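Below is one structure, written out as structure tokens, with a few remarks after it.
Quick caveat, the model's predicted, so the values are computed rather than measured. Note that ligands are numbered from 1 as they come in the structure, with each ligand's atoms numbered from 1 the same way.
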Amino acid sequence: MQRNFLETDRVTVAFGGIVALKDVSLSVVQGKTTAILGPNGAGKTTLFNAVAGAVRPTSGKVYFQGADITNASPSRRCHAGIARTFQITQPFGGLSVRENVMVALAARGVTMKEARAEASTYIDFVGLNAKAEDPARILSTGQRKRLELARALSTHPKLLLLDEVTGGVDRPSIPELLDVIRRLREERGITIVVVEHNMEVLLGLADNAFFLNRGEVVVTGSVEEVADHEAVRRIYLGDA
Ligand code: ATP
């Protein structure tokens with residue numbers, strides 16, 4: 001059977017009595033940007049966790065590039081090309097931007113010299129050259145998000161899961177961040193799945209969308225179709 005780049009097939013995740021995801025079938029096309037929408041508690045982070053391997057589905061399957069990865073460890077998934085960023089960024093505050101990226105590279109076992117050179121490429125890509133020697137703790141939220149992207153690049157991802165892309169980022173810094181995300185796809189061919197609450201951002205970034213509510217997929221389609229759906233408008237635009 002021909003499968004899409006990433007697929008979840010009727011994935012259910014239950015934490016005791018709480019069903020966080022119920023029979024979620026998601027399909028992500030290679031080279032496209034896919035958005036996951038939904039109100040608080042809808043199951044978006046749990047879905048990312050199920051794809052990245054941080055939680056195991058109670059039932060259902062996860063496929064990446066045609067292979068069943070349902071029982072693969074997070075590190076195997078990372079080697080296969082799945083990377084993620086988090087809602088709350090977690091850099092080492094006392095280390096410089098460059099050192100933060102080098103630490104991520106060191107985990108791959110490259111030499112210090114190679115790590116330094118490769119880190120420069122990623123820091124340049126995300127536009128943080130001027131901050132490379134500054135401690136990560138003094139970065140703005142938007143700069144931290146870009147540092148997270150540089151760290152994620154160090155794993156050579158094919159699929160990048162971005163949680164709350166613009167959450168906490170001041171408005172003037174958003175275009176620069178979005179530009180980096182668009183270039184990840186255009187220049188590096190990375191397939192992207194985003195969780196994002198800002199509809200304007202989503203419409204400018206994503207091709208397709210899945211709207212989750214209470215753990216279930218309620219609406220799917222192009223991002224424009226999903227944004228226009230009554231259930232989505234009610235939650236995102238406060239329409240009655
Ligand atoms: P938000 O937008 O607030 O981040 P979300 O859509 O990411 O929400 P999840 O964090 O995936 O939603 O949570 C889905 C449901 O599963 C919620 O009811 C949450 O309380 C529950 N849940 C998530 N993780 C756990 C856990 N480890 N143990 C118990 N319940 C959990």
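- Note that OG1 of Thr191 is 11.0 Å distant from CD1 of Ile82, once rounded to the nearest 0.5 Å.
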Test side chain to side chain donor-acceptor pair (under 3.5 Å) applied to Arg98 and Ser120, step by step: CA-CA 7 Å; Arg98 185 184 306 284; Ser120 296; 2.9 Å; yes
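- Checking Gly167, Gly215, Gly41 against atom 15 (C) of ligand 1, the nearest heavy atom belongs to Gly41.
- Side-chain contact annotation: Asn198 with Thr166, donor-acceptor N/O pair under 3.5 Å absent.
- Between the CG atom of Asp163 and the OG1 atom of Thr45 there is a distance of 4.5 Å, given to the nearest 0.5 Å.
- The contact set between ligand 1 and Thr45, taken as ligand atoms under 4.0 Å from a residue heavy atom, comprises 4 (O), 5 (P), 7 (O), 10 (O), 11 (O).
- By the 3.5 Å distance cut-off applied to N or O atoms, Ile18 is not counted among the residues near ligand 1.
- Those atoms of ligand 1 with a heavy atom of Ala42 less than 4.0 angstrom away are 5 (P), 6 (O), 12 (O).
- Taking distance alone, with nitrogen or oxygen atoms compared against 3.5 Å, Lys44 approaches ligand 1 more closely than that limit.
- At least one heavy atom of Gly43 sits closer than 4.0 Å to an atom of ligand 1.
- With ligand atoms numbered from 1 in the order given, ligand 1 contributes 6 (O) to contacts under 4.0 Å with heavy atoms of Pro39.
- A salt bridge does not link Arg144 with Glu148: none of the charged nitrogens is closer than 4.0 Å to a carboxylate oxygen.
- Using cut-offs of 30° and 60° for the angle between ring planes, the His156 and Tyr122 rings count as perpendicular.
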